[in-house]
Structures are given as structure tokens and as C-alpha cells.
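Every number for a ligand or one of its atoms is a count from 1 in the order of the listing.
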Amino acid sequence: MGLKTALTHTVLPKRRYLLRSLLISLLVFFLFTLTTLFIVHHRNEIQQRNLAEHTVKFTLTFMNELTTVMTKVSALQPLPCSQAQAALNHHSTFTSGVRTLVLVKNGIAYCSSATGEMSKSVDTLYPGLNLARPIDMILQQGTLMVPDRPAIGVWLSSPGKSDTGVLATLDINLTPYLLFSLQNNNSLGLAIVVGDRAMTTFHFGIISQADLPKRHAQEIPIPGFPLKLMLYSSTLSPENIRLTLLIGLLVALATCALSYYIMLFRHGVDRELLYAMKTRQFHVVYQPVVHSANKKVAGVEALLRWNHPVEGAIPPDVFINYAETQGLIIPLTQHLFALLIEDAGKLMSILPAKSKLAVNISPWHMTDPDFKKDVLGLIAELPAHHFNLVFEITERGMVDEEIAQEMFSWLRQQGVEIAVDDFGTGHSALIYLERFTFDYLKIDRGFVMTIGKNTVTTPVLDTILTLTRQLKLNTVAEGVETTQQANYLVDHGVGYLQGYLYSKPLDVTALAQFMLGYPHQ
Ligand code: C2E
Ligand code: CA
Ligand code: CA
């Protein structure tokens with residue numbers, strides 16, 4: 001895992017971002033769903049209105065054609081049935097929707113396009129049909145001839161005569177509607193209402209108008225005829241709702257992911273680090289360094305700690321490296337200086353005079369124009385002459401030798417000692433011995449760990465130790481955990497020891513306790 005990724009994973013309040021993203025996506029979900037449903041509802045409403053208009057137009061055209069034909073047929077009245085039947089038959093065949101046409105005189109049907117001459121009271125054919133009206137209609141379960149197929153009887157009286165006229169029997173064919181409703185999933189059904197009877201696409205047979213459902217109904221009266229249609233359709237079908245919810249869910253998920261990554265990107269580790277300084281999430285711990293000869297405490301190394309409110313302790317290796325690569329190490333070190341100054345008073349009462357106060361300084365910081373000002377500020381604020389400041393500088397990243405050399409001598413003029421940190425882990429360790437003047441060489445924990453173990457790096461430690469003895473360099477060994485390591489290092493002339501064998505890094509209060517109980521005073 002890359003450094004940035006490592007820190008991004010540990011530092012950012014991802015749970016908070018996730019929660020926020022979820023809330024945003026929930027809002028988006030509701031807004032999207034409501035707006036989409038509103039639009040679909042509106043669109044369906046317009047569709048329904050158009051459909052109603054078309055239906056009225058279609059039905060009116062049909063009824064007008066029918067009455068025109070019936071008027072024509074009524075002109076056959078004076079003829080005997082034998083002469084009228086051919087024309088009657090012709091009209092019945094070529095008028096769509098018509099099953100039969102019957103001539104009626106004085107309430108008696110006497111000539112049918114289907115059966116020719118007859119004599120039957122209209123009352124027996126269509127009980128309830130009102131021949132006194134100029135136009136009347138009736139809906140019936142069947143006719144005498146075709147009893148099992150619902151039919152509509154249409155009555156058109158001859159002008160001026162009340163119970164003489166033409167009677168048409170219409171077939172009710174709902175197939176076009178059913179075909180149409182297959183394409184439109186908002187359609188729930190259709191009802192044809194004649195008088196107080198109705199026939200629907202969702203009931204078998206004829207029902208009373210009173211039994212028609214009222215919900216989702218659109219009533220379409222056909223002007224001029226005792227006929228109306230009821231269109232049943234929902235402005236929002238279950239399909240519409242399901243689809244909208246599904247798309248809404250997808251949109252919300254995408255929003256959630258997007259907003260989460262935008263938050264990660266925008267807030268980022270950098271802001272989090274700066275925010276952590278402002279809100280005092282950092283503190284300093286101090287790890288004692290002892291003289292190898294008498295084990296007396298020679299001083300302490302200051303180490304930064306970050307306690308993130310959500311993520312807990314974040315390893316310094318991670319955030320220091322991050323700050324170094326992101327150009328944040330300078331503000332972070334300035335913050336460390338400020339924390340040291342805050343602790344200085346207490347430290348002075350805990351540690352004896354002339355104690356070393358070792359501070360880790362990033363080589364990048366030394367190239368900053370404000371570095372000298374920062375150092376002078378620290379020196380000015382620390383209790384004068386109580387502490388010997390030691391700057392631990394790693395060889396890694398020391399690119400510009402000239403600047404380093406100049407800075408080292410300036411620091412030493414200010415009374416700051418220099419320790420080369422993590423010695424031996426870089427590539428140019430030995431060159432440094434030759435080129436730079438410094439006060440201590442810190443042998444990395446990695447080498448100390450090899451003592452007593454026959455590893456590849458064991459001879460490296462021996463070489464370093466032989467060299468430092470010959471060059472009469474002051475050495476500090478870090479990461480001393482066992483007496484075996486301590487004895488070995490002492491035997492090989494290492495001047496100072498630091499490690500868990502003596503103490504872990506401690507905050508000021510714990511350091512005070514440690515010093516009180518420490519036997520080698
Ligand atoms: P370092 O400068 O080499 O610091 C020594 C590290 O070894 C510290 O880890 C310390 O806690 C750990 N250590 C000391 N004795 C023992 C031991 O006996 N056993 C084991 N296992 N570990 C021991 P820490 O505090 O986690 O710091 C890690 C690194 O982070 C430091 O390595 C240093 O490079 C950097 N660092 C820490 N604080 C600061 C700071 O204030 N400024 C800068 N620039 N770097 C810092
Ligand atoms: Ca160090
Ligand atoms: Ca080290």
C-alpha cells in the first residue's frame with residue numbers, strides 16, 4: 001500500500017463521509033423519485049386526456065355513421081319486407097359493428113336483415129327500449145337469435161312517428177381496446193355504459209352501472225347519445241413506480257459513491273493534518289537516552305504522537321513520511337516546537353540541567369528560508385542553558401550538500417548539536433562521516449536488533465562500530481531491548497543507549513514518574 005493510501009486509510013473520518021454521502025444520496029433518491037413520478041404522472045394524465053378525446057371522436061363517428069345508415073334504412077318503411085330486405089341486408093353487412101337491422105312499425109319488428117319477414121313486438125326483443133324517444137339504446141346479454149353474445153340495441157324512430165323506425169343490433173367488440181391496453185400498461189380497463197347497464201373488459205357479462213368501480217375512472221359521455229364510456233387507467237402504474245424506484249436507487253448509489261470520493265478528495269489528508277494541529281490532536285512523548293557507562297539519563301528524544309479522534313493513534317512513520325512528501329513537514333515541525341515550548345517548564349523540573357533534548361528534524365526543513373527563524377524562536381523560548389538541543393537529522397533526503405554543510409555549522413554556532421539519525425540505513429552513510437561535522441551518530445534499531453543473531457547485517461554493525469571508534473565519534477544506539485544488546489554495545493564503545501530496556505517514549509507526566517523511580521540518578 002502506498003504512503004498516501006496508507007494515511008488516507010487511517011486518517012480520514014471515512015465513516016463520517018460515508019454517513020454524509022448516504023444522507024445526500026437519500027435526499028437525491030427522494031428528489032429524483034418524486035420528480036420523476038410527478039413527470040410520469042403528468043405525462044400519463046396528458047396521454048389519458050388524448051385517449052379520451054380520441055375515444056369520443058371515434059365513437060361519435062361510429063354512431064353518426066350508424067344513424068346515417070339507419071335514417072337511410074328508415075326510408076325503406078313504405079316497402080314490403082320482400083322488397084326491402086335486400087337493401088336492409090346490404091346496409092347491415094357493410095356497416096361495421098352492425099349485426100342486424102330491423103324495420104319496426106307500430107312497435108312491431110316486421111323485417112330483419114338477417115331473417116327477413118317477421119312479426120315480433122320490440123318489447124320482447126329489447127324489453128326496456130323506449131320507442132317513444134327519437135333515439136334510444138339498450139345493453140343486453142344477448143338477442144333472441146344470438147342469446148350468448150352481448151349486444152346493444154339502437155333505436156332510431158322515423159321523424160314524427162313514435163314507435164315506428166329502425167332497430168339496429170350492434171355487436172360489442174372490445175378487441176381493439178384490449179389490443180391498445182396491451183401497449184399501455186397504465187390502462188386498467190374500459191366500460192361501456194348504456195342506461196343503467198354496463199359492460200366491461202374486467203367483468204364477465206352485463207353489470208349494473210351502480211356496480212362499476214369508481215377508482216381511477218374517467219367518464220366520457222358521448223354527446224347526443226344515451227351512451228357513455230368509462231376509461232379506467234392509473235396515472236402511475238406499478239410498473240412506473242417500480243422502474244422509477246429502481247433508477248432512483250441506481251442514481252442514489254452513484255451519487256453516494258461520487259460524493260464520498262469527492263469528500264475524500266476535497267478534504268484529503270492534508271486538511272486533516274492541518275486540522276489536527278489546530279485542534280491539538282498531537283502531543284509529544286519523550287524517550288530517555290542513557291549514558292552507557294553509568295546508565296544515568298543523559299537526555300530525551302522528543303517524538304510526536306497523533307491521536308486521531310476517530311481513528312485513534314496514527315503511527316509517526318506514516319504521518320511523518322506523508323508530511324515530508326506533501327510539503328507539510330515544516331508546519332508540523334513548527335507545531336512540534338510549539339508543543340516543546342509548552343512542555344519546557346515541566347521538563348525543566350523533571351530533567352537535570354544540561355540534559356540533551358533531541359528533536360527529529362527533516363532534512364527538507366533545513367532548506368526552508370524560515371528554518372533559521374524557527375530554530376532561533378525555539379532556542380529563545382526554551383529555558384536558557386537548561387537543555388542541550390540536539391537535532392537528529394536523517395541522511396535520507398539530504399540532497400544539497402552545500403546547504404547541509406552551511407546549516408550544520410550555523411546550528412553548531414547556535415549551540416545546537418547534530419546527530420545523524422538512522423545511520424547506516426541510507427546509501428551514503430560512510431561519505432557523510434567524511435564530509436560533515438556532527439556530534440553524534442545514531443545507530444539504527446535495525447542494526448541493534450541483529451546483535452546475538454547471526455544475520456547478514458551483523459558484520460555491518462561491527463564495521464560501523466570499529467569505524468566510529470577509530471574516528472572517535474560519539475555514538476547513540478537506539479532500540480536497545482535486551483541486556484545482551486546493551487552489554488555488546490557498551491563493550492564496543494557506544495556512548496549512549498536508548499530503548500525499551502530503559503524506557504518507552506513517555507508523556508511528560510509519565511516521564512516525571514519514571515525519573516522518580518529511576519535507580520541511576
Ligand atoms: P526514529 O527517529 O528512529 O525514532 C525511534 C523510533 O524507535 C521511535 O518510534 C521509538 O518509539 C522507537 N523505539 C525506541 N526504542 C525502541 C525499542 O527498544 N524497541 C522498539 N521496537 N522501538 C523502539 P516512533 O516514535 O514510532 O517514531 C518513528 C519514526 O518517526 C522516528 O524514528 C522518526 O523518524 C519519526 N518521528 C517521530 N517523531 C518525529 C518528529 O517529531 N519529527 C520528525 N521529523 N520525525 C519524527
Ligand atoms: Ca530519531
Ligand atoms: Ca531509527
Side-chain angles (χ1 to χ4, degrees), residues 3 6-7 10 273 276-277 281-290 299-307 313-343 356-368 371 374-375 378 389-398 417-426 429 438-451 457 461 464 475-486 489 496-507 510-511 514:
L3 194 66
L7 203 58
T10 44
L273 208 85
M277 289 189 236
Q281 293 174 24
F282 288 99
H283 72 279
V284 187
V285 289
Y286 302 90
Q287 187 176 32
V289 178
V290 303
V300 289
E301 177 181 1
L303 294 158
L304 257 185
R305 290 291 176 264
W306 183 1
N307 258 324
I314 294 162
D317 284 325
V318 176
F319 70 80
I320 294 285
N321 274 319
Y322 180 83
E324 280 180 348
T325 52
Q326 296 305 111
L328 287 169
I329 192 66
I330 296 170
L332 193 61
T333 310
Q334 288 166 344
H335 188 59
L336 168 78
F337 286 0
L339 294 174
L340 283 175
I341 292 164
E342 277 178 27
D343 283 349
K356 295 183 195 311
L357 178 58
V359 183
N360 293 285
I361 300 290
S362 162
W364 283 277
H365 195 174
M366 293 200 304
T367 56
D368 185 66
F371 179 66
D374 293 340
V375 175
L378 174 70
L389 262 184
V390 180
F391 279 4
E392 298 191 2
I393 301 163
T394 57
E395 40 181 334
R396 278 171 288 122
M398 257 197 255
E417 291 181 301
I418 312 282
V420 174
D421 209 353
D422 294 339
F423 184 77
T425 57
F438 50 84
D439 306 283
Y440 305 96
L441 222 159
K442 265 195 114 161
I443 296 160
D444 192 65
R445 191 160 65 86
F447 294 111
V448 175
M449 274 179 354
T450 64
I451 296 170
T457 33
L461 176 64
I464 293 172
T475 43
V476 186
E478 67 175 23
V480 183
E481 292 186 357
T482 64
T483 38
Q484 186 198 7
Q485 289 167 348
L489 292 163
Y496 300 89
L497 303 174
Q498 176 185 359
Y500 293 175
L501 180 63
Y502 307 102
S503 170
K504 287 197 170 181
L506 306 166
D507 63 23
L511 183 70
F514 167 81

Q. Given side chains that start at C-beta, do those of Val284 and Leu304 come closer than 4.5 Å, heavy atoms only?
A. yes
**Q.** Exercise: identify the closest heavy-atom pair between Ala323 and Leu273
**A.** CB-CD2, 4.2 Å
Q: Just say parallel, tilted or perpendicular for the rings of Tyr440 and Tyr496, cut-offs at 30° and 60°.
A: perpendicular
Q: Apply the side chain to side chain contact (heavy atoms under 4.5 Å, CB included) test between Phe282 and each candidate in Asn307, Leu332, Leu336; give the one that qualifies.
A: Leu332
Q: Provide the protein N, O or S atoms situated under 3.0 Å from the Ca ion (ligand 2); waters are not included.
A: Glu301 OE2, Asn360 OD1, Glu392 OE1, Asp421 OD2
Q: Determine whether Pro288 and Tyr502 make a side-chain contact, defined as any pair of heavy atoms from C-beta on separated by less than 4.5 Å.
A: no
Q | Option passing side chain to side chain contact (heavy atoms under 4.5 Å, CB included) with Gln287 (candidates Leu506, Leu303, Leu511) | A | Leu303
Q.
Using modelled atom types and a 3.5 Å cut-off, is there a donor and acceptor pairing between side-chain atoms of Glu478 and backbone atoms of Asp444?
A. no
Q: Could you check Asn360, Val375, Asp421 and say which one makes a side chain to side chain contact (heavy atoms under 4.5 Å, CB included) with Phe391?
A: Val375
Q.
Residue by residue, ordered by chain and number, which ones reach under 4.0 Å of ligand 1 with a heavy atom?
A. Gln287, Glu301, Leu303, Leu304, Arg305, Pro316, Asp317, Ile320, Leu336, Asn360, Asp421, Asp422, Arg445, Glu478, Gly479, Val480, Glu481, Gly499, Tyr500, Pro505
Q: Starting from the Ca ion (ligand 3), look over the N/O/S atoms of Asp444 and name the nearest one.
A: OD1
Q: State, to 0.1 Å, how close Glu481 and Gln485 come at their nearest heavy-atom pair, and which atoms those are.
A: N-OE1, 2.7 Å
Q | Close side-chain approach of Val359 to Leu389, heavy-atom, < 4.5 Å | A | yes
